[in-house]
Amino acid sequence: MTIDNLESDNIILATGGYDHTIKLWQTHTGICTRTLQHAESQVNALEITPDRQHLAAASYQHIYMYDLASNNHNAIVNYEGTSKNVTCVGFQEDGKWMYSGGEDSRARIWDLRSRNNQCPKIFEVQSPINCVALHPNQVELFVGDQNGIIYRWDLRTDNNEQLIPENDAVILDVEISPDSKLMASVNNKGRCYIWSLVTGMVDTPTKMVPKQKFEAHTRHTLKCKFSADSSLLATTSADTTTRIWRVDENFGLLREIKQPESQRWVWDAAFSADGQYLFTGESLSITPSSSGFARLWNLESGAMEREYAGHQKAITALAFRDTS
Amino acid sequence: MALYDNKYWLLSHIRSSFISTDDTGAIRCLIIQKMYAANVSGMCELVMSGESRDVQTHLKSAEPFPDPDSSEDDEDDFLSYDLQMDADFNIRERSNTAAQIEKFELARKRASKTKSVKWESKQECRADINELFVRKDLSQMKKPEKLTSKLSALIQSHANVPKNPFVEFAKFDGTGQVNIPTKKYKIYLTMLPAQQRNYPMPVCCVSSAKVKELIGLILLKYSYNYGVANMKDVNHYGLYITEEDGEVDSDFPCLDYKEPISKYGFACLGLVEHKEGMKSVSFPEETHSLVTIEEINRNRTTSERSKADETKQMENDIQAVENHNKLMEAPLYRSFRAFMVSKVKPKIEVNIGVSGERIEIDPVPQKGTKLLPFKAKSISHPMENIAHCELTEDRSNKSCFRIVYSANSTGSPSTNTDGLVSSSSIIIQSPSTMCFKNYDFESSQTVALDLVQKMKLILELKSSQTREEYLATKEKKLQKKKSFQIVK
């Protein structure tokens with residue numbers, strides 16, 4: 001493989017945050033290749049569509065869709081009608097529909113097959129939704145909210161089931177491993193909970209069996225991410241660190257990524273397809289006006305490989321799509 | 001205690017009291033804005049109790065208060081002098097509104113290009129559920145083999161990319177920023193080789209940046225395009241006022257590092273590398289970035305030699321291209337200024353026009369021309385008649401050169417030369433009755449070099465009969481000389 005065809009490939013790294021822009025990066029040089037305008041609000045979450053053609057940005061009252069293939073720096077579709085912040089967004093694996101969760105306590109399904117959202121679906125909970133994860137079986141959504149409840153929402157039957165891992169805690173992220181065997185959830189107390197998932201047969205629900213609980217961080221744990229082969233779990237935190245845990249060794253700590261900056265918050269992370277590298281989206285403190293970086297870490301050595309600088313303010317979301 | 005029955009005065013007094021007791025300034029803004037609105041549009045939204053009708057009608061009139069002149073009472077001067085309704089305030093208010101409208105307009109334009117999908121709580125369509133939500137059978141899913149990543153391959157193949165020392169300035173890039181003011185500049189990079197220097201680099205910077213940060217941003221963009229080799233710390237560079245054509249105005253000092261860029265209104269600037277890091281004295285805390293550059297240079301030592309060779313090669317190439325260009329340009333018309341000299345006549349200043357076709361020698365009109373005993377006339381020779389051109393004397397302050405032409409082939413010089421013919425001494429009488437004469441000139445060294453080179457190039461291109469014959473006769477003469485020497 002020559003360098004040339006490596007560079008012309010389709011690796012996408014997008015970052016967004018409080019400075020009202022979304023930046024696309026050339027990963028190996030750290031050069032910002034494009035800046036998309038996201039004028040109305042901050043970016044809460046970013047997700048690339050399965051066909052790699054579009055980028056969805058969850059923001060205040062809207063989800064904006066950007067065209068990655070063209071040079072248009074404005075959004076091409078605006079999904080509106082939610083009353084508060086949209087906190088998370090994701091796609092069905094064929095791009096048939098998009099899911100979102102927001103501070104209006106509703107998880108929504110947006111029908112993407114036609115342009116007018118023919119078959120919407122809504123699921124309402126008691127408090128603002130912080131995170132939504134889609135089970136690889138494509139029919140179950142796991143919704144985590146401010147009250148500390150995780151809901152399993154079955155899209156076919158509309159049945160739901162609730163889990164409360166810890167009282168008086170806020171669920172900040174929920175993640176299902178790509179091999180669909182585990183579910184991880186992190187909360188504002190820094191704890192990480194792991195369930196084993198027992199896949200049900202046709203239309204029988206997935207069973208969640210509590211497996212493990214551990215102190216991942218000392219403060220808010222903001223995000224948890226499985227690597228593509230489900231062997232590693234990354235947790236990012238407000239305690240200035242990112243930690244990588246070995247899934248098959250009862251979540252023993254593999255590595256801690258730490259920077260000397262005292263107020264650093266790590267908002268988001270993404271593994272490379274082979275699990276050797278990790279991107280992090282960071283801010284230097286909690287204030288939205290603090291400067292933000294994305295960084296690339298070598299997990300074997302723990303060294304920082306690249307820094308992606310250019311955002312005026314904190315980076316709170318990143319989306320990455322590797323190619324194999 | 002005093003009693004007042006003038007309601008305008010009272011209204012004014014109440015307003016003033018409100019304004020002067022409110023530290024937040026909000027009331028001041030509100031009231032002045034209201035008054036302004038009332039004043040401009042005649043609309044009054046100020047709601048007062050009691051006698052408000054009167055006040056309102058009054059406010060609806062063009063003036064906010066009765067003309068003070070019409071009243072004898074001094075205290076009719078309602079507005080407190082302590083409260084300045086500065087003109088600035090109103091102007092700013094208006095421009096803000098304009099900016100706001102412009103913003104809406106822009107947003108509207110953008111929105112028109114954006115397809116909007118509104119959430120509607122429709123009746124759920126059961127029919128679609130089986131189509132939309134299909135359970136994926138995971139039991140058939142094979143465990144993927146060793147996963148590969150192009151990112152990993154890419155990062156490993158670019159393993160030793162040094163950290164760009166200017167990356168900290170990336171955040172001052174204003175490209176794509178919509179909600180913060182930015183400034184666009186055309187930057188001429190004077191450290192580039194001459195060929196690449198002609199076009200300015202466009203740089204968009206956030207307006208809040210300082211000059212030093214703008215320099216950092218320029219260097220970052222420069223490093224993206226030309227690499228970080230040979231680059232120095234930010235403090236080694238200065239931004240100078242520059243003409244639109246790229247000429248750096250060195251009469252002015254460079255922009256002050258510590259000042260915000262918004263202080264300067266120039267859109268065209270030149271980045272100049274200072275010989276000494278003279279500014280580094282005032283920025284001692286910046287030494288760490290110097291270290292990083294040294295590190296880079298250390299990383300580069302292995303390829304240093306090849307790098308040097310490369311530059312040498314490049315210089316040679318550039319030289320070749322330059323020569324080629326000169327060759328291409330040789331037949332184009334160009335005029336030179338020189339003095340024609342001869343043994344018998346005084347020096348005359350002339351214009352020598354050289355083109356691929358002909359050479360023209362025109363005397364420059366002088367004040368005292370009429371007094372001269374003869375009248376200088378212009379001469380023109382077709383290029384075919386020119387046999388040779390050479391430098392006869394090459395000194396830095398004054399150089400001499402000679403143009404040799406044939407006086408008898410295909411006709412004499414087109415204009416009669418009787419008047420001028422400065423020094424047409426026959427130097428060689430060739431057997432083929434070709435008679436060569438020459439003109440001698442005196443000029444500055446650069447002019448002489450340029451002209452002689454141009455002439456030589458043209459003569460080479462033309463290779464006329466005259467020239468061939470001249471060279472032949474010269475050769476013969478040389479041989480004769482040699483044979484003489486041998487005889488001796």
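Below, chains carry the letters A, B, ... as their sequence lines are ordered, and counting in each starts from 1.
Between A/Trp25 and A/Tyr308, the ring planes lie perpendicular to each other; the angle is over 60°, past the 30° to 60° tilted range. Between B/His158 and A/His28, the ring planes are tilted. Angles from 30° to 60° get that label. Ring-plane geometry between A/His38 and A/Tyr64 is classed as perpendicular, the angle between the planes exceeding 60 degrees on a 0 to 90 degree scale with a lower cut at 30.
For the options A/Glu305, A/Arg306, A/His73, A/Gln92, heavy-atom pairs under 4.5 Å to chain B are most numerous at A/Arg306. Of all the listed residues (A/Asn298, A/Asp274, A/Thr35), the one sharing the greatest number of non-hydrogen pairs under 4.5 Å with chain B is A/Asp274. Residue with the most contacts toward chain B among A/His20, A/Gln138, A/Gln276: A/His20 (heavy-atom pairs, distance under 4.5 Å). Highest contact tally toward chain B, considering only A/Thr21, A/Ile31, A/Leu296, A/Leu13, is held by A/Ile31 [criterion: heavy-atom pairs under 4.5 Å]. In terms of non-hydrogen atom pairs under 4.5 Å with chain A, the most contact-rich of B/Val134, B/Asp173, B/Leu220, B/Val167 is B/Val134. Residue with the most contacts toward chain B among A/Glu140, A/His135, A/Glu93: A/Glu93 (heavy-atom pairs, distance under 4.5 Å).
Residues B/Tyr185 and B/Ile218 are not in side-chain contact: their nearest non-hydrogen atoms beyond the backbone lie 4.5 Å or more apart. Using a 4.5 Å heavy-atom cutoff, the side chains of B/Leu151 and A/Tyr277 are in contact.
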request  = Evaluate the criterion side chain to side chain contact (heavy atoms under 4.5 Å, CB included) for residue pair B/Tyr222 and B/Leu271; output intermediate values, then yes/no.
outcome  = CA-CA 11 Å; B/Tyr222 176 92; B/Leu271 189 68; over 6 Å; no

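The contact between B/Val206 and chain A is made entirely by side chain atoms (from C-beta outward), counting heavy-atom distances below 4.5 Å. Neither the backbone nor the side chain of A/Asp67 comes within contact range of chain B; no heavy atom of the residue lies under 4.5 Å from a heavy atom of that chain. Only the side chain of A/Phe279 has a heavy atom closer than 4.5 Å to any heavy atom of chain B.
Classification of A/Asp19 and A/Lys23 as a salt-bridged pair fails, no side-chain N sitting under 4.0 Å from a carboxylate O.
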